[in-house]
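All ligand and atom numbering here is 1-based and tracks the order in the structure.
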Amino acid sequence: MPTYTPPLRDMQFVMHELFDVTSELRRLPHHAEFDADTLNAILEEGGKFCAQVVAPLNLPGDVEGCTLDRTTHEVTTPKGFKEAYAQFVEGGWPALSSDPAYGGQGLPHVVNQSIYEMLNSANQAWAMYPGLAHGAYEALHAHGSEEEKALYLPKLVSGHWLGTMCLTEPHCGTDLGLLRSKAVPQADGSYRIDGQKIFISGGENDLAENIVHLVLARLPDAPAGSKGISLFIVPKYVPNADGSLGARNGIYCSRLEDKMGISASATCQMELEGALGWLVGEPNKGLAAMFVMMNAARIGVGMQGLGLTEVAYQNAAVYAKERLQMRALSGAKAQDKPADPIIVHPDVRKMLLTARAYAEGGRALVMFTTLQLDLALGTDDDDERRECEDTIALLTPIVKAFLTDNAWIATTHCQQVFGGHGYIRNAGMEQFVRDARIAMIYEGTNTVQSLDLLGRKVLGDNGAKLKKFGKRIEAFIEENGTDEAMQEFVNPLADLGDKVMKLTAEIGMKAFRNADEVGAAAVDYLRVCGHLMFAYFFACMAKIALEKKDSGDPFYTAKLATARFYFAKLLPETASLIRTARTGLAPLVEMEEALF
Ligand SMILES: Cc1cc2nc3c(=O)[nH]c(=O)nc-3n(C[C@H](O)[C@H](O)[C@H](O)COP(=O)(O)OP(=O)(O)OC[C@H]3O[C@@H](n4cnc5c(N)ncnc54)[C@H](O)[C@@H]3O)c2cc1C
């Protein structure tokens, strides 16, 4: 059975030494009292909950899965899930970063996201239930009417009610413009909704007393396509005005998917049969409202990748130090033992260091992005807000796709470190691999993220957001370019920065002639940009590690070694990615469809 130790030291390094989040946040009026001790104490307590309560349920939950009672349409989650959730609610964890006006604790998002990193390491399937509810809270908070907020938010914030996002239908996943669910207005201002939704995470479960579904559907007179989609609240139990539970609504689970991973997360086919719903925001503007939830969920999915990368690394590192096989090529290292531990073998080290670098780079990238969110929400300065929002827009698809692609690589490497034992269920490594796969698919596939990055976020504004981020990198290079010890980091960073700008311009020119050039280059392009961000953050981390390496704290020695590994062994991947991105569309369209 795998184990999990919350990586508190590295989290605190990222928070305090790399980004100095306390000083950044204290500039904002509603975080003026925020302090490092509170942050550390929350991380420590949250870490205990994740390691001691949620992690032990991960492997048994995967084996047991969820079950659907076809007569009552109720879903039972694996043994222990409900009790762990009750403890989560009791501890006030769902309320961490929510609005105090609705019972939240008003803490910064960086705190909440760190808790979610640990929850995802401990048990991704379990973490999805509260994770989606928090997304529903954010969408309603941003777009709900005052009445809707007063009725639903306190229960979502406390965790007594959970939430879902109901977008996908059998014939429409990526292309939501095709969706058919229908909402008919009623005389009392409510709507009756009919349709079928598939793949709805947590669509039915036994963790909370009520489930608030956020459903996309079409009004009778809605224009075709994505401009005719509206967003509705459809509660499982229709609440009375005082928040008590009323009648059972006409939305129920008709099927549970049998799937590759996250088997303890109930993936539900939902039937809406005259379900009562209430419009959220304006008619036909549902997709924009849902984007609040989708953007939060995209960062959340990146977090899933990070969480799995970290836990897979931890277990593989322990195993590699214990498992004895063969001698080092350069001669025996553990003379007192019948063979050397496999960590002496260079390729085992490469696999471990790859996972470690992906975890540490990912943590820096996602925490930076989340800090921008806190700053955007809290600042009074319009220029700063716009700057932060641009950075979030640029980085969100990278967080989602780069971190989850990396998690797939990292979990597979860590499984490989276990040899045949990695393929056996009880070691837990094969579950990490299976669980990691979904994150590349849902919340907009990673291909869709890459199109969003290159097409909309970069070419869509003539590279303005990218150039803005580039200025941050240029300032770092300027500041550290003459420092001899930093050359090994600054030079490749500067080189990649130049190449990204040239590549962007080249694809932009080609796209003028044929827009499909964007689709041909986008996936490689996103990965190159992911590396650019990692190179920047690893260079920043290496600078701190160099300054502190004589402190005697082995943390900095390890940080420096990981940064060096990253620059030497992972960053060079960008050369081949840039090359394949530049070969463009032609090799992809030469073959006629009929020949496939
Ligand atoms: C376990 C699980 C949980 C889920 N949870 C939820 C949930 O809670 N709520 C919800 O609403 N949905 C959920 N989903 C649905 C999920 O978001 C969709 O499966 C996903 O968006 C992809 O849609 P699709 O499956 O219809 O694939 P399709 O849209 O049919 O895509 C098929 C392939 O074509 C590619 N493709 C499509 N369009 C383009 C394009 N323009 N350019 C390039 N490539 C393209 C895609 O990248 C993909 O590789 C879940 C799915 C799963 C499996």
Side-chain angles (χ1 to χ4, degrees), residues 62 65-66 75 124-125 127-136 139 162-181 195-205 211-217 225-226 229 231-232 234 251 253 255-270 272 286-287 289-291 293-298 300-301 304 397 400-401 404-405 408 434-456 511 515-526 585 588-589 596:
D62 180 57
C66 295
V75 167
Q124 179 181 336
M128 283 176 69
Y129 295 100
L132 278 154
H134 192 72
L162 282 170
T164 72
M165 51 195 287
C166 297
L167 288 70
T168 308
E169 297 181 3
H171 56 282
C172 91
T174 302
D175 190 353
L176 290 169
L178 298 173
L179 79 78
R180 291 183 194 143
S181 290
Q196 186 183 63
K197 297 284 175 181
I198 61 165
F199 299 162
I200 305 308
S201 300
E204 187 56 73
N205 65 77
I211 303 172
V212 182
H213 302 282
L214 290 189
V215 177
L216 290 181
S226 56
I229 297 175
L231 178 63
F232 299 88
V234 181
I251 178 165
C253 174
R255 173 193 157 94
L256 274 187
E257 301 301 340
D258 182 12
K259 55 196 192 295
M260 175 178 177
I262 53 164
S263 63
S265 166
T267 307
C268 304
Q269 178 171 305
M270 304 297 293
L272 291 103
L287 215 46
M290 193 55 128
F291 253 106
M293 188 165 183
M294 283 153 76
N295 276 331
R298 283 171 181 180
V301 174
Q304 295 181 337
K400 197 279 181 179
T404 59
D405 283 349
W408 174 244
R434 285 187 290 106
D435 287 357
R437 189 64 182 88
I438 186 58
M440 301 156 81
I441 298 173
Y442 57 21
E443 269 325 312
T445 63
N446 285 0
T447 305
V448 169
Q449 302 302 323
S450 71
L451 291 171
D452 179 43
L453 175 71
L454 179 56
R456 194 172 328 157
D516 272 336
E517 290 286 354
V518 173
V523 169
D524 293 330
Y525 182 85
L526 183 144
L585 184 64
L588 304 176
V589 291
F596 275 86

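- If you check which protein heavy atom lies closest to atom 20 (C) of ligand 1, you get I441 O, 3.9 Å.
- H213 and T164 make their closest contact through ND1-OG1, 2.9 Å (heavy atoms, listed as atom of the first residue, atom of the second, distance).
- For the pair M165 and E443, the minimum side-chain heavy-atom distance is below 4.5 Å.
- With a heavy-atom cut-off of 4.0 Å, T168 touches ligand 1 through backbone and side chain alike.
- M165 O, 2.8 Å is the protein heavy atom nearest to atom 9 (N) of ligand 1.
- For atom 39 (C) of ligand 1, the protein comes within 4.0 Å by no heavy atom at all.
- There is a protein heavy atom less than 4.0 angstrom from atom 17 (O) of ligand 1.
- Which parts of ligand 1 touch I438 is read off a 4.0 Å heavy-atom cut-off, strictly below it: atoms 1 (C), 2 (C), 52 (C), 53 (C).
- You'll find the side chain of L526 stays beyond 4.5 Å of the side chain of L454, heavy atoms only.
- Between A439 and N446 the shortest heavy-atom distance is O-OD1, 4.0 Å.
- The side-chain heavy atoms of V589 and D516, taken from C-beta on, include no pair separated by under 4.5 Å.
- By the definition of a contact as any protein heavy atom under 4.0 Å away, atom 13 (C) of ligand 1 is in contact.
- Between C268 and C253, the shortest heavy-atom distance links the atoms CB-SG, 3.7 Å.
- Contact analysis leaves T164 out of contact with ligand 1, as no non-hydrogen atom separation drops below 4.0 angstrom.
- Between Q304 and T404 there is no side-chain heavy-atom pair separated by less than 4.5 Å.
- For atom 35 (C) of ligand 1, no protein heavy-atom neighbour is present inside the 4.0 Å cut-off.
- The closest protein non-hydrogen atom to atom 8 (O) of ligand 1 is S201 N, 3.0 Å.
- Side chain of K259 to main chain of I438: no donor-acceptor pair is present (N/O by atom type, distance under 3.5 Å, no hydrogens or angles).
- For ligand 1, the polar-atom distance check against I198 finds no nitrogen or oxygen pair separated by under 3.5 Å.
- Checking atom 45 (C) of ligand 1 against the protein gives no heavy-atom contact under 4.0 Å.
- The minimum heavy-atom distance linking Q196 with P170 is given by the pair OE1-CG, 3.2 Å.
- What sits closest to atom 24 (P) of ligand 1 on the protein, heavy atoms only, is G173 CA, 3.9 Å.
- There is a protein heavy atom less than 4.0 angstrom from atom 42 (N) of ligand 1.
- Minimum heavy-atom separation, G173 to T168: CA-CG2, 4.1 Å.
- Here the side chains of I262 and Y442 are in contact, with some heavy-atom distance below 4.5 Å.
- Taking atom 31 (O) of ligand 1 as the reference point, the nearest protein heavy-atom neighbour is T174 OG1, 3.8 Å.
- The protein non-hydrogen atom at the shortest distance from atom 6 (C) of ligand 1 is F199 O, 2.6 Å.
- You'll find the side chain of D62 stays beyond 4.5 Å of the side chain of Q124, heavy atoms only.
- Looking from atom 49 (O) of ligand 1 to the surrounding protein, the closest heavy atom is T445 CG2, 4.5 Å.
- Residue contact check: E443 has heavy atoms under 4.0 Å from atoms 17 (O) of ligand 1.
- There is a protein heavy atom closer than 4.0 angstrom to atom 53 (C) of ligand 1.
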